[in-house]
Every structure is written in C-alpha cells, then in structure tokens.
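All values below were derived from every heavy atom in this structure, side-chain atoms included, with hydrogens, water molecules and symmetry-related copies excluded. Sequence lines set the chain letters: A, B, ... in the order given, protein chains first and strands last, and positions in each chain run from 1.
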Amino acid sequence: AASRLRLSGLCFLLQVLNILLFAVFARYSPESSPGRCPPQLDCSRRNQDSGFQQPRFRDVHTQVLLSFGLLLAFLGRYGPGSAAVSILIVAFAIQWALLLQGFFNFFLNGKIYVGAQSMVSADFCTAAVLISTGAVLGRVNPVQMLLLALLEVTVCTLSEYILLSLMGVSDGGRSLTVHTFGAYFGLVVSRVLYQPHKDERKREEQQDMGHQTDVFAVLGTIYLWIFWPGFISATAAHENAENWAVLNTYFSLVASTVATFVLSSVLYEESTPRMVQIQDAALAGTAVMGMAGEMLVTPFGALIAGFLAGLISPLGSRFFTPVLRSRLKIQDTCGVHNTHGLPGILGALLGTLLTLLATADTFGDRLELVFPLVTQGSRAVTDQALIQLSALPLTLLLAALGGGVTG
Amino acid sequence: AASRLRLSGLCFLLQVLNILLFAVFARYSPESSPGRCPPQLDCSRRNQDSGFQQPRFRDVHTQVLLSFGLLLAFLGRYGPGSAAVSILIVAFAIQWALLLQGFFNFFLNGKIYVGAQSMVSADFCTAAVLISTGAVLGRVNPVQMLLLALLEVTVCTLSEYILLSLMGVSDGGRSLTVHTFGAYFGLVVSRVLYQPHKDERKREEQQDMGHQTDVFAVLGTIYLWIFWPGFISATAAHENAENWAVLNTYFSLVASTVATFVLSSVLYEESTPRMVQIQDAALAGTAVMGMAGEMLVTPFGALIAGFLAGLISPLGSRFFTPVLRSRLKIQDTCGVHNTHGLPGILGALLGTLLTLLATADTFGDRLELVFPLVTQGSRAVTDQALIQLSALPLTLLLAALGGGVTG
Amino acid sequence: AASRLRLSGLCFLLQVLNILLFAVFARYSPESSPGRCPPQLDCSRRNQDSGFQQPRFRDVHTQVLLSFGLLLAFLGRYGPGSAAVSILIVAFAIQWALLLQGFFNFFLNGKIYVGAQSMVSADFCTAAVLISTGAVLGRVNPVQMLLLALLEVTVCTLSEYILLSLMGVSDGGRSLTVHTFGAYFGLVVSRVLYQPHKDERKREEQQDMGHQTDVFAVLGTIYLWIFWPGFISATAAHENAENWAVLNTYFSLVASTVATFVLSSVLYEESTPRMVQIQDAALAGTAVMGMAGEMLVTPFGALIAGFLAGLISPLGSRFFTPVLRSRLKIQDTCGVHNTHGLPGILGALLGTLLTLLATADTFGDRLELVFPLVTQGSRAVTDQALIQLSALPLTLLLAALGGGVTG
C-alpha cells in the first residue's frame, strides 16, 4: 500500500511542479500569430525561414508517433502489462524534456517559447528514455522508472545541446543522440541494478504470452514501416533532403528485412523467422539510417547499410547477448543493444564516412542543407568528419556516466 | 429468423432510400472544379476563402478516423463482437448526416453540395451517435440501433444548426455538440430502456474477455494520442489557430494520463492503473479540450484542464456511476458519462471562462479567427460568454428530449 | 534443413543481385535537387508539372500502406503465421518492381531515376503480388513464394506498361492492373498447383484461430477505411480529381458495408455478419472504385457502385467459390476472386460506361485531367471507351498466361 501511495504522490507532486514551471516559463511560440511578435525575436528572419518550417508544422500531429512506435515494438516483447507504465513515462518525459530543452535552446526574454519544433525535439528525448527503459523493463518498479526518466531526460538534453548546438554535428534522424545514447544508458543502468535471482522468473512470464506477442509484433512492424520514414524526415533540414531521407529509410528497411531471412534459418532451427525478429530488423534498419539518411545520395548505399544492420542485429542477439549476460552481468530485457546500440554505432560510422566523401559535386545544392557550416567555409569537410566521429565516443561516455549515476 | 430478415430488409430499404435521396439532391461541390461554378454560388468569394479551406482538404482522408477512434475505444471495453454493428451504424449515420446537414447548411439551388467540409461535419454527428451507442451497447438489438442512429442524427443536426449557425457559439472541437450531447442522449435512452434483469449476464460476458480487452485498450489509447489532436484542428478556423489547438490537446492528454496514475492507486487497490482507465483518461483529456482548444493561449492552462479532466473521470466512475445505476436506474455500459459527459461539461464551462477573458491583448490576431462576431463589433465579449454558457443547458435539454423520444 | 538453407541462400543471392543492379542503374531522381538536372531530362518541363506533382510527394510515406493494408486484411483470414513470409515478399517485390519499372518507364541516359513517383508505382505492383499470394497462401513454401513474386512482378510491369503507357487507358486506382490482374494471376497459379489432399488439413488450422481472426479483421477494416481513400488519390491526376476520388471511395465503402448486412442474414444463418465479411465488403468497395473513382461526378453513382460490389462479394463467396473448387479445381484460400477479381471487373465495366458518358459538359475542366488524350482531340470518347473495354480481356489474358507459366 505504501509503495502504491508513493507512486501516486510522486505523480501528483511532479505534475504540480510541471504545471508551475510551465505557468512561470512556458508560452506558445509567437511565430504562429504574426501580429504579436516581440521585437527581441526578430520575427522577420523567422518568417523568411517559414518556407522551410511550414512543412514540418503539418507533421506536428505525428510527433508522438515516435515514442509510441517504440512502445508498440516493446509490447511485442513484453506484453501489454508494461504499457501502462510506459505511457506514464511518455507523459511525464515529454513535459520535462520540453522544459529542459526550453532552458537550453528556446529560452528568450525569460520565457520558453513552445511550438511544434520544440515538441518534436522533446519527443526525441522521450524516445531515448523509452529505449533505456526497454533494457530494464520488468526489473524496476514504476517509481524507479519515473526517477530514471527524470535523470535521463536531463542528461539527454545536455548531450543533445553539446553535440548538435555546440559541436554542429549533423544527426538528422538521431542515430547517436537517441538510439546509441538510449541503448547504452539503459545498459549501464541495467548493469548497476544487476540482481542474479530475479530474472529467471521474469523470463518464464515472457514465454507465457506466446500468441499475443505475435499480434503485437505484426502491428509493431507495420507501424514502423508506415510511420518511421516520416519521422526521420521530421528534423531533416529541407523538403528536398526530406525526400531522400524517406526513400533511404525505405530501402534500408527493405534490405534489413531480407537480411533477417538470410540469417534466421542459419542461426536458429526455424524455416521462417518469428515476427519479433523481423520487427527487430526493422528497428535496426531505421536506427542505422538515423545519421546517414540525409547524406546518402544513392539507393544502393541505403540497401547495403540496411543489409548490414539487418545482419548485425540477429548476430548480436545470438553471440553477443549471452556474453553480455554472463561476463558483464548486464541483462538486456528487450535486446536494445542489438536493435538500437549496434545499428546506432554503425550508422554513426557510416555518417562519418559519408561526411568525408561529401563534396559539392555529389551533393549539389544539398550540401548547404546538410552541412551548413561546411558550405559557409567556416569548416573543412575533414574537420566535419572528425567532429562526427568524435561525437560517437562522447555520446557513449555521457550515456555511461548518466546511466551509472542513475543506477 | 424473422428478426434477421427484419435487419436485412431495413438495411436494404434505408440504403435504397439514401441512394434515391442522394440521386435527387446531392451533387459534388463545384468548388473543386472552378470552371463549373453556377452563378448563384458566388464562387469568387469562396475562392478567396480557399487559403483557409485548402489545408482542411488535405485532412479529408482522416475524417472517418474520429468515429473509428471511438470505435476502437469501445472495443477495449466491449470486445470485437460489437464491432460489426458499430460499423453498420457508422456507414448509415454518415450518409444520413450528410443529407440532413445538407438540407440545413449546404442547400443551394435545390441541390446539396457535398464536399470535404460537409463530410467532416457529418462525421462529427456520427461520432455523437457512437458515443450514445456506447451507453446502451449490449442491451439493444441491431434494428433498434439503426433506429436510434436515424433519430439521433436528426436531433444532433438540429442542435448543431441552432448552436453553431444561429447562435454563433464557438465550439471548434465540439465539446458540447458531440461529447456532451452524445453522452446525455445515450444516458437518457439507457434510462428509458432500463431492464433490471438483463445486465447481470452481460456483465459476466464482459469480464470473460480479460486479456483481449487489454490489447484493444492499448491500441485505442495509442490511436487517440496519435490522431485525435489532428481532429480537434480539423474544424478550427485557421492554420494558426490549428497549431495551438493541437498543442493544447497534447498537453491535456499528457496531464490527464498522469492524473489517472495519481488517482488509480488511491481509489482502487492497484499499483498501476489498467489500460482501460488510461484510455478513459485520454478520452476525457480530449473531450475537455473540445471547446477550449483554440481559445487557450498558454500551455499550463491546457495542463491544468487536462489534469482536472483526468481526475474527474476516475472519480466519476468510482462514486457517480453506482449512484446512476442504483438511484436513477441508468446503466452506462461503456462509462460514457465519465469519459464524455462530465469532461464535456467541464470543457464548456472552461470555454465560457476563457471567452470572458478574451481580449484583443491576449489573443492578438487570433481573436478574429476564434470569435469573428466579437471582432466585427456586433457582439460584446460578455455577450459571447453568456451565449457560450447558455449553449450548455440547451444542449442538455435537446439531448434529454431527443433521448426520451428515441427510447 | 536443406530447404531452410535454400531459402536463406536464395534471399542472400537475390538481395546481392538487387544491390548490384541498384548500384549500376539506380540513382535518385534529380527532380528534388534542382541544381543537378542533366540536360537530357528537360527539367524545366518537369518543374512546370511540379504544381501537380508536389502534393503526391507529401504522400510518399504512405506508399507502402497499400501493401500492408492487404497484408492486414489477409491476417484476418490466415493469422500472423503468414505475416513473416508476406513481409519478405513485400520487401523483395518492391525492389524488383522498382528495377523493372525503371527499365520500362524511367530509363534515361543509362540510369533509372528513382523517386517518390516510381516508388508508388512499384508499390502497386507489390500489391498485385500480395493479392495473388492470397489465393495460394498455405499451399506453397517461402521459396516458391519468392519465385512467384519474381515472375509476377515481371508480368505485372509488362501489363502496366502496355495498358497505361502504350494504350493510354485511364485506371487511376488500378481496378484492372492491380485488383483484376492480381486476382486472376493468383487463381491460375492456384489451379496449376492443385493438390486435392492438402487443403483439408489447412482448413482446420484456419478454423482454430477463432478469436484472433476477429481482432485482425477489425483492425484490417479500420485500416482500409482510414487509409485506402488516400491511396486511390495517390495516382490521380490532379488535386481536384483527387478530392472526388476520395469522396467517391468513401461513398462506395459506406454502401458496400450496408450491402453486406443486407445479404449476410439472408445467405447465412447469422444475425450480424462476421467482421471478416465486412472486411471483404470494404475491399470490394475499394476495388470497384479503382478505375471509376476519378470519373464519377455524382455521389449517388458511387453509392450504387459500392452497393453492387458489396452484394457481388458475398454472393460470389456463397455460390461461385464452391463451383470454382469442385469444377475448376481452383482453391482460393483468401477468397481473392470475390473481393478483388469480381469487383475489379465490375469497376472496369463501370469505368467503360462512364467513359462513354464523358462529355465536356458533365466533366468541365476535369475532362482534361482524366482523359488528356480526348481533350487534345487525338482520340474520340467512344475510342477511349473501346480501349478501356479492351483493356479488360487483355489484362485477363496476361494474368492467365503469366499465372500458367509461373505455376
């Protein structure tokens, strides 16, 4: 009874705190009502950008899709019992991320200006939190989950601010700041919380679900195919770059799905892979396209990247997860290391490679959109590639530190 | 056998009647083919409006989402057995609402001009019918359902015409004409049809479903989060007003979800609420934003309103539903009073309050969009608030009368 | 073990082949990056068209919906066990269709230019393949499925090229080239593969699923209602024509649903039809609107067509399927003949009739959009109608030949 009331009280306190903070700081962005633009905001500049920003406003109603896609994906592994807590996490993390990101990025004149753009950013942070919870699902109680969300959103916002704003890393689909960060944060927390006795029982419960798992896995896979490509493009710089990011993501999905069929019959004694494996392949295929999605200029590049990601994911779950469990004492309930961690790292390496190859010749007008700093002459292509590369260990470091402290 | 044939015959007759009525009266709106505009329609004026109307045309393929969202929501409570009849109701009610609303609003030159706009209106009426059926589900047969739809669409169209066209009430997301009207119409019908013996058996059937309920509730909740904010904005006056309505609805959803977690562990002996409760909270959070969605100018207002709606809904189902059942002899199969009725009333009161506070200062250019009559000087802010307030008892009266007659 | 490895090896070989072919031939369409237009492409002409093409680009993320809608629909009949193989088929067929259609339609300067437009075309072919697999589901192994997809995509691309490009048939929603072609291709394959002993066992497995079938059927029906109208319009010529195609499809869906209720209680001893039947009606209602969707100028026409399609489908499954099975030795696992074949033929006949009636008077400006050749004076209305009519037996012939060879 006490723990129930603790959850109830914590929810109440946090929500009241959020409302107070929003009341003091948050206002709707005046972009949408042109007549009320305060002079400090320099609206004329923003209106010039509106050709770029308007299309994204149309997608505002899809912004929470990202998190829910992940949610559906985990339901395939863990069943509807976990859904209630996950939705609580989403509801809380979105508010908290809006506030924190507002303090870093949108803080002007003592107010945070909230708009479609800031909600999309907040949702990316929420997605990272959901990936992390996937690693510890079933072993922490709801109160611990809430605290994890509270801390992870803070670290995630900090990491996004350092990588994207200060260092100018180009990471449109967030291979690094969402997939890799979320996966390793969750794994480190999982390591700290290691308790050898508990997981046997949980595993059995998981097996029980049987048929229902398949239903959710089918739905999750279809959901990922339908909505995810739209997401990758939600933060892409421009209409044109968006188109390519969408197509690249489709090609990657297609190739990673075929790759699953190639490996599953070799690794396991099954004629066709189970739906959950196909779903993991879809997740891996999208994770790998996060950074490289807007950089790839040929369809076969996306096919190769997706094929590799689709091969890495089942290989990882076959050979790497047992090592993680026995040697490093890390339990990975939903296999986030294979579906988000490894493909995210692969995507980041691919993005670095593509940055090195980026020339005005192959990119054309798109160079300006994807790497604005390079076009302005303030940074060489090799410098940009170095920065992209250095973002990877930095992300891993931040994730490990944050996860350790949280655990 | 006779009752089966009666349903079959009724469907056939009604469909033939609909086809005949459409053949005589309905034509596609000539807006979309500029060359064929009859002189009476004054197309030039309409084309001037097209800057406002075009964005809504894009959303035409989401118009039936509203009803189906409700459908999915009820599946969570009542299982797929009810889906077939519900889809029949939707299919019939859309046609009937198009015809009736056409006679009231789009009747020009002896023809009803059907377009995307009129289909969205028809769908709102269909949603009200579905809410009402939620109150009587499991206790009426399909033929009765069809007659209920026939009558309710008529009353609903009348109520919309009086409130929105004649009185000029601003009710963008239809807190009043859909949520409140639908809920109380259904409750009054349920009261008239009260039969003490039948419901025990039904209740047991409902309990049987167990696991599958959760699947539908998870899907329904995700569906509401994804698509509903887009709906609220479907009828909003303008691109800018749309954006705020969408964001307000998200904030309301977020807060009402947290509120469910606050109360569920206090009211019930559960550590986490069941998915059906979270789904109810999502419905309540959207219902409360119906009228106020385009009026709220700060995010924390939406958070507070959603939080209150999320608190009212479980409190209502804990303390109010037993009173309804035992004292007033009203059975509320799907709990529409708590998820649509009470939040709808709360939303209407909130809308009235916000109308009182509406000044050119806080609204800026948006005042003209939300309250066109006020800006034109033909009506004071206080008058508008009075009219908004008086719309509430009027809706309740119409719903009660209509429900009584139907029952 | 050998057959498992054969599937694995075949997937690997085909994917490597696809990657190589894409590497040699496919490049992203330079439309999206205006600065890099090769002179042969005459970009200026294309940019003039961009007013027409841009809206479709927005829908690019919904392109795979078509196939997945069908997938969900078949899940309702056959359960999640078939989902894994179906997704493999989709993943492979999209790549193959892109390559083949590229050789026919987009082959310029030694390269295939891949863009949103070509992906939509490829997806239509994939949908035809999925319809065909629906006829043989449960009786062929995954390797045979892959070979079927390989051959059918080839024939389908050939048929699309002959009908749409050479003959100038107007078939916006692909009644002929997707629904009719896919259905009869699958039926002929099914005839060739006829094995009398196997199907009894399968039928029993199918019965086992029971409850889960309903879940998928509900989801599939909702999916069809929500997303299909958007598809029909994806290939429609123009914004205005799109609107009517969308509305026509809704009316057709509504009427075919009511028609199911009319017949089901007469044909079967059930008070309400099962969800699978309602889903079939929705499929039939959309199939019939494929060709005629952009030609119909009155709502009641769409209501009548949908009503007829909704009547044909259950009548076919009651009286025609047993004849097919016993006399012609064709097994039709998912009933594709009734839901795609017959309504597709009905739609083609309706399209022919409407073409005959098409005059500048009734169509207005739309004539130019739907029948560009007629407006240019190079073809009389009756000639166009003859061509539309002759396309039907040609499609059937190609489907039968292709199916025979494949089988």
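- In terms of heavy-atom proximity, B/Ile19 sits nearest to C/Phe300 at O-CB, 3.8 Å.
- To the nearest 0.5 Å, atoms CG (B/Leu20) and CD1 (C/Ile304) are separated by 8.5 Å.
- The minimum heavy-atom distance linking C/Val254 with B/Ala91 is given by the pair CG1-O, 3.0 Å.
- Residues meeting the side chain to side chain contact (heavy atoms under 4.5 Å, CB included) test with C/Ile312, sequence neighbours left out: C/Leu342, C/Leu346.
- A heavy-atom distance below 4.5 Å is found between the side chains of C/Phe251 and B/Leu98.
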